[in-house]
Amino acid sequence: MRAWNLLYVPLVCYVLAVSVLPLLFLILTAFTENDMSGAISWDFTLANFGELFYDRFYIERMFYTIGLVMMVTLITLVIAVPVTLAIAQLGYFWRTVWLVGLFSSLALSEVLTVYAWQLMLAQSSGIPGWLQALGLIEVTESWWPSFPAMTVVLVYFTSPVAVIVLFSPISRLDPSLAESARTMGYGPATIFLRIILPAIQEPLVRTGLLCFMLNIGSFVISQQMGRPSDWMISVFIADFMSSFSIPLAGSMALMLLASVLVCLGAIFFMVRPKAVAA
Amino acid sequence: MKKLLQILGLGAFALFLYMPIFVVSGSSLNSSRQMVFPPEDPGFTWYIAFFNDPAWVSALTTSIVIAVCSSFIATTLATVVAYLLWRRQSRLHEYLYRAVLTPFLLPGIVFAVSLSFVIAALGIMGTKLAIIIGHAAVIIAIPLVTINLGFSLVSKEQIEAARTMGVREFQLLPMVLVPMIRPYVLTGALFALIISMNEYVVAFLLSGFSVETLPIKVYNSQRYGFTPTLSVGTVLYMTFSLVVFTILAMTGRLYSLLGIEEKRH
């Protein structure tokens, strides 16, 4: 049995290297003037945050980012729930075809997704051009970068994830529940709101959280599909990293993490009492 | 009526999901540098150009090397963690499990920035090894979920039966457990491999502008305008994913990625 315990050595090293140390280094970088140049300084300073909070720009960006990603998550769920319900009712073959398609599109890099959408919204190769060729509208430029384009691609990015994560709880729903509600004379809207939604409340919250995390942690879509005024906070973090303003990037990443944790805490307290009561 | 509505709804969603891929595939067939759709004088000119361009081939190779290594490391570690969790089932092991999942649960940019500090301190910034470590940390969640599912399906009776038939304790792992969880290990490893090939944020921040994976190369090339080679890269990636997931579906393993066991009815 003792030989087995040796397994813990690499595991603990691994957990230290990728889970514990990164967060420690993040905090260290945010509160010191370390810039990855080598020598580690331990002098505590709030200078980085002073620079961040110099005016209200980044605070406002933070609130904007959270609001935007929440809205995108809601849209994603509103699309994903009926789609998943419909896919779960298909036969084995078509259901599997759908899942293969969803997994492939989920796996596709956001860089490639963005590229595909830029082509599709471009005047020369996409929808604006086709509509113009049909004589429907007069377009002079491509539809990106713009806020609507960015929002659509953010939803595009998370909707296959949402359907896949919702698939197993939704396909396990007992069909006799909806069936008996129907015989009792309830309409489809009532059945959906009063029976199906409460039954998947917990997975729905979990899926929402996953989509929220995926979008808030990614910067490519926002940077490429939106105008600078549409950029999420992650775009600025990536910019600071590329321009070697490391302490600023660190403190901003810490601010993002703290804001996300506050949101999670709020959601947890909003959902938990209901879940316990139910 | 309800049926029709469902089919229309699903059709619209399929269009939303696959229209961009369709446009990209079309544009990759253009014969000139012009990015038009539908393609003019379609052919495979740009596919030949892609494979004749050392920069693109090297980006693709780098992506594959990183994906294979990180998927291997992630799957090995995930197997060990899942095995220990299954065998010991203690509070401590649950903490270990959660600690291993942390990088996946953090917002991508936060994890990438944090890890880059550790990577810089280790002095391996801008190496393939750095990206392999970063990717392994993120994708380990996938094999962990599938292998956990595999272990949860091993019943006490099966272990008991093996013991009765004379299987010794140290033979239990190679003779009973490994064959039972092997499909779950493979499924998790393949999915993790695909995610690594496509991952951008972590790779970008650890690349130190000196390693170029295919997504990084696509991102950098976009700045100099669109060329059909970009479309070729996208089509190759999409095709690879489709092939892998189709194989998983045909061998009946796709559903274990959802954390459920589902057989053809």
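Just so it is clear: chains get the letters A, B, ... in the order the sequence lines come, proteins before strands, and each one is counted from 1. Just so it is clear, the model here is predicted, and its values are computed rather than measured.
- Using a 4.5 Å cut-off between heavy atoms, M197(B) does not touch chain A at all.
- Taken to the nearest 0.5 Å, the OG atom of S114(B) stands 11.5 Å off from the CG atom of L28(A).
- At a 4.5 Å heavy-atom cutoff, the contact between A136(B) and chain A is made by backbone atoms alone.
- Comparing I194(B), I195(B), L77(B), I119(B) by heavy-atom pairs within less than 4.5 Å of chain A, the highest count is held by L77(B).
- Looking at heavy atoms from C-beta onward, W94(A) lies out of side-chain contact with L10(B) at the 4.5 angstrom threshold.
- The most heavy-atom pairs under 4.5 Å with chain A, out of F16(B), Y237(B), Y200(B), F209(B), come from F16(B).
- Neither the backbone nor the side chain of I247(B) comes within contact range of chain A, judged by heavy atoms closer than 4.5 Å.
- Between Y92(A) and A249(B), the shortest heavy-atom distance links the atoms OH-O, 4.3 Å.
- Rounded to the nearest 0.5 Å, atoms OH (Y8(A)) and CG (L84(B)) are 4.0 Å apart.
- Minimum interatomic distance between G250(A) and V113(B) (heavy atoms only, all atoms of both residues): CA-CG1, 4.4 Å.
- In this structure, the portion of I79(A) lying under 4.5 Å from any heavy atom of chain B is its side chain and not its backbone.
- A distance-only check finds a donor-acceptor pair linking the side chain of S19(A) to the backbone of A99(B) [under 3.5 Å].
- If you measure heavy-atom distances from S242(A) to chain B, the contacts under 4.5 Å come from both the backbone and the side chain.
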Under the side chain to side chain contact (heavy atoms under 4.5 Å, CB included) criterion, do L102(A) and F245(B) qualify, and how do the steps go? CA-CA 10 Å; L102(A) 286 164; F245(B) 288 118; over 6 Å; no
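- Nearest approach of L105(B) to M213(A), heavy atoms of both residues: O-CE, 3.7 Å.
- Ranked by heavy-atom pairs shorter than 4.5 Å toward chain B, the options A249(A), P10(A), G91(A), A86(A) are led by A86(A).
- Closest of all the heavy-atom pairs between M238(B) and S104(A) is CE-CB, 3.7 Å.
- Top candidate by heavy-atom pairs under 4.5 Å with chain A, chosen from V110(B), L106(B), L214(B), T102(B), is V110(B).
- Every residue meeting the ring-ring contact (aromatic ring centres under 6.0 Å, His included) condition with F31(A), not counting sequence neighbours, appears here in chain and number order: F44(A), F49(A).
- Residues meeting the side chain to side chain donor-acceptor pair (under 3.5 Å) test with R98(B), sequence neighbours left out: none.
- The structure places CD1 of I246(A) at 6.5 Å from CZ of F117(B), a figure rounded to the nearest 0.5 Å.
- Atom OH of Y97(B) has more than 12 neighbouring heavy atoms from other residues, nucleotides or ligands inside a 6.0 Å radius.
- The contact between V83(A) and chain B is made by backbone and side chain atoms together, counting heavy-atom distances below 4.5 Å.
- The aromatic rings of F13(B) and W98(A) sit parallel, their planes meeting at an angle under 30°, below the 60° perpendicular limit.
- When all heavy atoms of P215(B) and V111(A) are compared, the closest pair comes out as O-CG1, 3.5 Å.
- Annotation: the span from L99(A) atom CG to L248(B) atom CG amounts to 11.5 Å, rounded to 0.5 Å.
- Counting heavy atoms from C-beta on, the side chains of F103(A) and L242(B) never come closer than 4.5 Å.
- Listed options I133(B), V100(B), I7(B), L254(B) were ranked by heavy-atom pairs under 4.5 angstrom with chain A; first place goes to L254(B).
- Taking CD from Q6(B) and CD from Q89(A), the interatomic distance works out to 4.5 Å, rounded to the nearest 0.5 Å.
- Proximity to chain A (any heavy atom under 4.5 Å) is restricted, for L205(B), to the side chain, taken from C-beta onward.
- Only the backbone of A17(A) comes within contact range of chain B, with at least one heavy atom under 4.5 Å from a heavy atom of that chain.
- Each of P160(A), P82(A), P188(A), S159(A) has some count of heavy-atom pairs under 4.5 Å with chain B, and the biggest count is that of S159(A).
- Counting only N and O atoms by type, the side chains of S231(B) and Y115(A) include a donor and acceptor under 3.5 Å apart.
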Decide side chain to side chain contact (heavy atoms under 4.5 Å, CB included) for L108(A) and I21(B); before the verdict, give the C-alpha distance in whole Å, the side-chain angles of both, and the deciding distance to 0.1 Å. CA-CA 10 Å; L108(A) 196 65; I21(B) 311 292; 3.6 Å; yes
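- At a threshold of 4.5 Å between non-hydrogen side-chain atoms, the residues I127(A) and V23(B) do not count as touching.
- When heavy atoms are compared at a cutoff of 4.5 Å, V152(A) approaches chain B by way of both its backbone and its side chain.
- Taking 4.5 Å as the limit, some side-chain heavy atom of P107(B) sits within range of a side-chain heavy atom of L257(A).
- For a residue to count as touching a neighbouring chain, one of its non-hydrogen atoms must lie under 4.5 Å from one of that chain's; by this rule V15(A) touches chain B with the side chain only.
- Interatomic distance, S168(A) OG to L257(B) CG, rounded to the nearest 0.5 Å: 12.0 Å.
- Of the two parts of L85(A), neither the backbone nor the side chain holds a non-hydrogen atom closer than 4.5 Å to a non-hydrogen atom of chain B.
- Contacts of Y156(A) with chain B are made by both backbone and side-chain atoms, with heavy-atom separations under 4.5 Å.
- The closest side-chain heavy-atom distance from I109(B) to M241(A) is not below 4.5 Å.
- Minimum heavy-atom separation, F25(A) to A121(B): CE2-CB, 3.6 Å.
- Note: Y219(B) and F219(A) have perpendicular aromatic rings, judged against thresholds of 30 and 60 degrees for the angle between ring planes.
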